[in-house]
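One structure is given here, and the rest of the page talks about it.
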Amino acid sequence: MAESSMAATAGAKTPVRSDKTLLRALAGERVDPPPAWLMRQAGRYLPEYRATRAQAGDFLSLCYNPDLAAEVTLQPIRRFGFDAAILFADILLLPQALGADLWFVTGEGPRLSPLTDAAGVAALKPTGAIHETLNPIYETVRILRRELPEETTLIGFAGAPWTVATYMIAGRGTPDQGPAHALRTGDPAAFDALMAQLTEATIEYLSAQIEAGAEVVKIFDSWAGSLKDTAFQRYALEPARAITAALKARHPGIPVIGFPREAGQGYVGFARATGVDCVALDNSVSADWAAREVQTDGCVQGNLDPRHMVTGGPALTAEARRIVRAFAGGPHIFNLGHGITPDADPENVHRLLEAIRG
Ligand code: 1CP
């Protein structure tokens with residue numbers, strides 16, 4: 001109640017005040033202990049996830065089944081009591097909604113029909129058609145808003161246009177994003193047309209998630225690190241800026257987390273240049289450096305090496321506490337630097353939360 005009345009009087013620029021720790025950190029407040037969640041917190045390291053995935057049949061059927069997708073989103077909340085839940089879906093559902101064929105090869109990863117030229121871009125469905133495919137995802141969001149504990153924040157997400165384009169162009173994950181770089185330099189008009197449509201479609205997709213009940217959205221640019229200098233500005237910064245501006249114009253106060261993974265020096269000034277409320281950091285940068293160079297602009301998220309969730313022991317506790325201390329001077333959301341891996345030990349998640357929360 002208090003939350004909605006404050007929202008009504010807060011005005012367009014002021015973030016909604018809330019008792020939710022994650023929203024407070026995103027609004028620029030230093031929260032002690034910091035709110036915590038983990039990328040890929042619903043996943044194969046949890047036996048209950050593997051059971052629900054088997055019930056769904058395969059990964060994509062799980063994504064498009066709102067009851068089961070909501071169930072796997074809730075599993076790590078029940079088991080660990082994280083401060084946030086992230087919608088269970090995948091960044092590659094958007095290309096599928098735009099007409100790409102998509103399937104997952106067990107043990108290898110995603111496959112899509114490759115998009116190699118201007119004709120391929122022109123053959124994509126119009127942006128307005130995406131909701132036909134993505135409606136079940138919005139239903140998952142609605143179920144989650146009903147079922148999540150009051151103190152848990154619901155995060156929606158999408159891939160950033162560059163990262164999504166790398167999969168669409170190659171038709172699969174690649175070590176160096178070579179095919180996408182080749183199209184970017186070889187046929188810039190086709191590449192720019194693809195980026196423009198992905199930017200527009202991402203705005204529509206995230207906006208629909210927000211309308212369904214997502215309280216924060218995160219933009220995953222997993223391959224931002226392979227863009228340098230002007231290419232980074234044009235294809236990582238600029239789309240993040242355009243998406244953030246459009247979402248905030250439509251949904252005043254909606255917090256946005258940007259994750260330009262492995263951007264290195266590109267993390268500096270990223271929040272100012274794009275308008276995101278929080279920059280998520282991978283574990284290749286030091287927390288002390290990021291506290292000085294990035295957190296000075298606002299909230300940061302990160303950045304424990306996911307290997308600690310496999311190896312555990314005193315190093316896990318020491319490293320988690322070191323990160324909490326490094327970021328203790330400003331707003332911080334605790335997370336890993338990348339997703340938790342299938343070989344992680346769920347007991348180590350309990351140990352991690354103990355280390356953070358004391
Ligand atoms: O169960 C399984 O076998 C499938 C494994 C899996 C899972 C659990 C995939 C396949 N996607 C997901 C869920 C997922 N993907 C979420 C759900 C929410 C959560 O974090 O719990 C999110 C946010 C993603 C985002 C995603 N998908 C990214 C960006 C983040 C990152 O990891 O860098 C990327 C690049 C993908 C593509 C993708 N989907 C799945 C795989 C194996 C991959 C990566 C392929 C590659 O390595 O190139």
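Read the numbers this way: they start at 1 and go in the same order the structure lists the ligands and their atoms. The figures here come from the full heavy-atom set of this structure, side chains too, leaving out hydrogens, waters and symmetry mates. All values derive from a computational prediction rather than experimental measurement.
Side-chain N/O atoms of S284 and E262 include no donor and acceptor closer than 3.5 Å. No hydrogens or angles considered: nothing links the side chains of D221 and Y235 as a donor-acceptor pair under 3.5 Å.
A heavy-atom cutoff of 4.0 Å around ligand 1 is satisfied by the protein residues M39, R40, Q41, A42, R44, Y49, R53, F59, I86, L87, F88, A89, D90, I91, F104, P110, F157, Y167, G173, F220, S222, H338.
Not a single salt bridge (charged side-chain N to carboxylate O under 4.0 Å, His left out) links R30 to another residue, sequence neighbours left out. Take F104 and apply the ring-ring contact (aromatic ring centres under 6.0 Å, His included) test, not counting sequence neighbours, and it matches F59. Checked against salt bridge (charged side-chain N to carboxylate O under 4.0 Å, His left out), D282 has no partners two or more places apart in sequence or in another chain.
Enclosure of atom CZ in R351 by more than 12 non-hydrogen atoms of other residues, nucleotides or ligands within 6.0 angstrom is indicated.
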